[in-house]
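Take a look at the structure below.
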Amino acid sequence: MARIGILGGTFNPVHKGHLVMAQKAYEQLALSEVWFMPSKRPPHKDQSQLVSDTDRKAMIQLSIAETEYFKLSEMELLRSGTTYTIDTLRQLKKEYPKDEFYFILGADSLYQLESWKEAEAIFKMAHILCAPRYPSTLLEDEVQRGRLEDAYHAEIHFIRMTPMRVSSESIRAMLKCGQEEAVGYLPEAVFEYIHKHKLYPAIDRQAIREKLKNTLKPSRFLHTIGVENTAACLAMRYGADMNLAALAGLLHDCAKNLPMEELLEESQKNGLPISEAERRQPFLLHGKLGAFYAKEKYGVDEDSVLDAITWHTTGRPGMSLLEEIIFIADYIEPSRKEIPGLSEIRRLVFINLSEAVYLTLKNTLEYLRGQKNSEIDPHTYETYLYYKEKLRK
Ligand code: DGI
Ligand code: FE
Ligand code: FE
């Protein structure tokens with residue numbers, strides 16, 4: 001009798017987290033083998049980013065090649081019709097009547113399992129192994145496990161491991177933005193395969209530049225390129241991802257060509273939340289709407305980039321490094337006209353980023369107070385107070 005772990009998923013792509021999960025399950029439950037079982041294109045999920053079965057299989061094979069107790073199972077890929085776990089389990093039991101099966105799942109599945117087809121039968125026929133979520137929800141998960149065990153006589157084990165921070169989805173988003181961090185989450189051979197077969201192609205910044213050149217005024221386009229390059233320089237200085245910074249810089253003002261009424265209309269139409277201050281001064285919306293366009297029109301799905309675009313005008317308390325970089329690059333890029341205090345900020349930004357952010361906010365508030373019809377957005381003021389306090393400490 002063999003104890004077989006089944007690790008299902010789309011494996012789009014397979015990553016180190018999967019391998020750790022499989023390895024820990026193997027060790028902690030004394031399994032004989034773990035089978036990586038890629039699922040068919042699930043009908044409920046967005047499939048536009050799902051690579052072919054051949055590629056997904058090839059990537060799994062590359063990552064398990066050195067481990068003799070890891071196998072690839074094509075059972076779900078080969079079966080016709082909708083794939084239900086219960087059908088897989090019945091087929092497994094039929095083909096391997098002597099063996100015991102352990103389904104390896106993410107802890108979030110604990111909350112969905114009951115709605116799976118013939119859940120009760122699944123619990124009877126297989127053990128469930130759960131990998132922890134990030135951020136950890138172990139206490140909740142423990143309660144849910146107790147509930148399921150009582151209700152179904154289910155046998156559920158938790159795999160002890162550091163919760164995985166990454167998912168295939170977040171790795172795809174990284175690859176799409178050309179983010180170097182993705183390399184660390186993938187087996188080397190998988191990374192090479194992805195590269196060689198151009199599976200998750202990075203967004204082409206040159207194509208975006210050409211698009212923007214046609215939509216923005218020449219001076220705004222020049223500014224945009226200035227922010228793209230300045231953001232990349234600041235990323236070099238502060239150890240942020242250069243490609244992400246350049247992409248966020250390139251797209252930060254992509255909604256700036258719209259007149260006020262259209263900014264409002266477009267934001268409303270697309271269901272973006274609009275504050276009172278934004279309703280009175282719709283130009284403030286170009287960050288939020290820009291982030292929306294970045295996602296919808298330019299295919300950016302990396303949240304850190306979208307947030308940097310959203311907050312580039314007002315800032316927000318506790319900005320991420322990338323958000324600070326875009327906020328400041330917007331202010332200092334070379335084609336900005338000289339204004340009082342700018343050359344000092346340009347010098348300082350390469351020495352102390354927080355201080356430069358603070359001075360920028362201080363300058364902006366002073367400037368706005370001198371304008372007749374300008375209302376200060378609460379975010380701008382709160383961000384100012386946040387950085388003032390941060391520097392005082
Ligand atoms: O889009 P850009 O011109 O490149 O730069 P931006 O998005 O930072 O917008 C700059 C303008 O935004 C600048 O004139 C100052 C203004 N601004 C920043 N915070 C506030 C603000 N305007 C108002 N009314 N209220 C604010 O809180
Ligand atoms: Fe802007
Ligand atoms: Fe700008």
Side-chain angles (χ1 to χ4, degrees), residues 208-209 212-213 215-234 245-260 262-264 266-267 272 274-294 298 300 305-317 319 322-342 345-346 349 356-388:
I208 296 181
R209 284 186 208 113
L212 289 174
K213 195 168 187 185
T215 50
L216 301 176
K217 281 193 316 198
S219 59
R220 177 62 52 188
F221 179 68
L222 191 67
H223 162 70
T224 289
I225 299 300
V227 177
E228 179 189 11
N229 289 325
T230 305
C233 291
L234 288 172
L247 185 62
L250 182 61
L251 286 168
H252 82 287
D253 274 341
C254 71
K256 190 82 179 191
N257 61 319
L258 298 188
M260 302 279 185
E262 265 183 69
L263 271 171
L264 250 181
E266 274 287 291
S267 301
L272 305 180
I274 302 170
S275 70
E276 285 306 311
E278 287 165 342
R279 201 168 291 282
R280 287 189 290 268
Q281 307 183 89
F283 89 92
L284 287 169
L285 282 166
H286 76 275
K288 221 182 255 181
L289 188 64
F292 179 81
Y293 285 166
Y298 298 94
V300 177
V305 172
L306 300 178
D307 287 341
I309 298 173
T310 300
W311 298 106
H312 84 264
T313 304
T314 62
R316 64 167 164 175
M319 282 190 279
L322 185 63
E323 288 168 29
E324 290 182 346
I325 285 175
I326 299 305
F327 180 81
I328 203 88
D330 188 22
Y331 201 72
I332 65 162
E333 63 85 14
S335 82
R336 275 274 189 231
K337 275 199 216 77
E338 192 60 42
I339 42 169
L342 182 56
I345 293 177
R346 280 180 171 149
V349 72
V357 170
Y358 167 72
L359 280 182
T360 299
L361 286 156
K362 189 160 168 272
N363 267 6
T364 300
L365 288 176
E366 263 165 34
Y367 164 81
L368 290 173
R369 285 191 183 114
Q371 296 293 102
K372 269 224 181 72
N373 297 315
S374 266
E375 174 189 334
I376 292 165
D377 187 282
H379 288 112
T380 311
Y381 192 62
E382 279 164 27
T383 312
Y384 164 74
L385 292 180
Y386 173 89
Y387 281 91
K388 191 176 176 188

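When a ligand or atom number is given, it counts from 1 through the structure's own listing order.
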Proximity of [X] to ligand 1 by residue part, where a heavy atom lies under 4.0 Å:
{"X": "Arg220", "answer": "side chain"}
{"X": "Val227", "answer": "neither"}
{"X": "Arg336", "answer": "side chain"}

Ring-plane angle category for His252 and His223, please: parallel below 30°, perpendicular beyond 60°, tilted otherwise. perpendicular
Any chance you could measure [X], atom [atom1], to [Y], atom [atom2], to the nearest 0.5 Å?
{"X": "Ile208", "Y": "Lys213", "atom1": "CD1", "atom2": "NZ", "result": "16.0 Å"}
{"X": "Leu361", "Y": "His379", "atom1": "CG", "atom2": "NE2", "result": "13.0 Å"}
{"X": "Thr383", "Y": "Tyr358", "atom1": "OG1", "atom2": "OH", "result": "13.0 Å"}
{"X": "Leu212", "Y": "Leu251", "atom1": "CG", "atom2": "CG", "result": "6.0 Å"}

What's the shortest distance from [atom] to any protein heavy atom, and which residue and atom give it?
{"atom": "atom 6 (P) of ligand 1", "answer": "Asp330 OD2, 3.4 Å"}
{"atom": "atom 1 (O) of ligand 1", "answer": "Lys256 NZ, 2.9 Å"}
{"atom": "atom 13 (C) of ligand 1", "answer": "Tyr367 CE2, 4.7 Å"}
{"atom": "atom 23 (C) of ligand 1", "answer": "Glu375 O, 3.3 Å"}
{"atom": "atom 19 (N) of ligand 1", "answer": "Thr380 OG1, 3.4 Å"}
{"atom": "atom 15 (C) of ligand 1", "answer": "Thr364 CG2, 4.0 Å"}

Going through the distances and angles, do Phe327 and Leu322 end up as a side chain to side chain contact (heavy atoms under 4.5 Å, CB included)? CA-CA 9 Å; Phe327 180 81; Leu322 185 63; over 6 Å; no
Set of side chain to side chain contact (heavy atoms under 4.5 Å, CB included) partners for Asn229, sequence neighbours left out: Ile225
Closest non-hydrogen atoms of Thr224 and Leu250, given as atom of the first, atom of the second and distance, are CG2-O, 3.1 Å
Between [X] (side chain only) and [Y] (backbone N and O only), is there a donor and an acceptor less than 3.5 Å apart?
{"X": "Glu333", "Y": "Ser335", "result": "yes"}
{"X": "Gln281", "Y": "Glu375", "result": "yes"}
{"X": "Thr380", "Y": "Ile376", "result": "no"}
{"X": "Ser374", "Y": "Gln371", "result": "no"}

Using non-hydrogen atoms of the residue, decide whether [X] is closer than 4.0 angstrom to ligand 1.
{"X": "Phe283", "value": "yes"}
{"X": "His286", "value": "yes"}
{"X": "His379", "value": "no"}

Show, in sequence, the C-alpha distance, side-chain angles and deciding distance for Arg336 and Leu342, and conclude whether the side chain to side chain contact (heavy atoms under 4.5 Å, CB included) test is met. CA-CA 9 Å; Arg336 275 274 189 231; Leu342 182 56; 4.3 Å; yes
For atom 20 (C) of ligand 1, the option (of Asp377, Leu368, Asn363, Thr224) bearing the nearest heavy atom: Leu368
Ignoring hydrogens, just give me the one of Thr313, Leu365, Leu284 whose non-hydrogen atom is nearest atom 18 (C) of ligand 1. Thr313
Looking at atom 10 (C) of ligand 1, tell me if a protein heavy atom falls under 4.0 Å from it. no
Go through Glu323 and His312 one step at a time and tell me if the side chain to side chain contact (heavy atoms under 4.5 Å, CB included) criterion holds. CA-CA 7 Å; Glu323 288 168 29; His312 84 264; over 6 Å; no
With a cut-off of 4.0 Å, which atoms of ligand 1 are near a heavy atom of [X]?
{"X": "Gln281", "value": "24 (N)"}
{"X": "Asp253", "value": "1 (O), 2 (P), 4 (O)"}
{"X": "His223", "value": "4 (O)"}
{"X": "Ile376", "value": "25 (N), 27 (O)"}

Carboxylate-amine/guanidinium proximity below 4.0 Å for Glu324 and Arg316: no
Atom of His223 closest to the Fe ion (ligand 3), considering N, O or S atoms: NE2
The Fe ion (ligand 2): which protein N, O or S atoms are under 2.8 Å away? Asp253 OD1, His286 NE2, His312 NE2
Any side-chain heavy-atom pair from Lys288 and Glu278 closer than 4.5 angstrom? yes
Just distances here: any N/O of Thr314 and N/O of ligand 1 closer than 3.5 Å? no
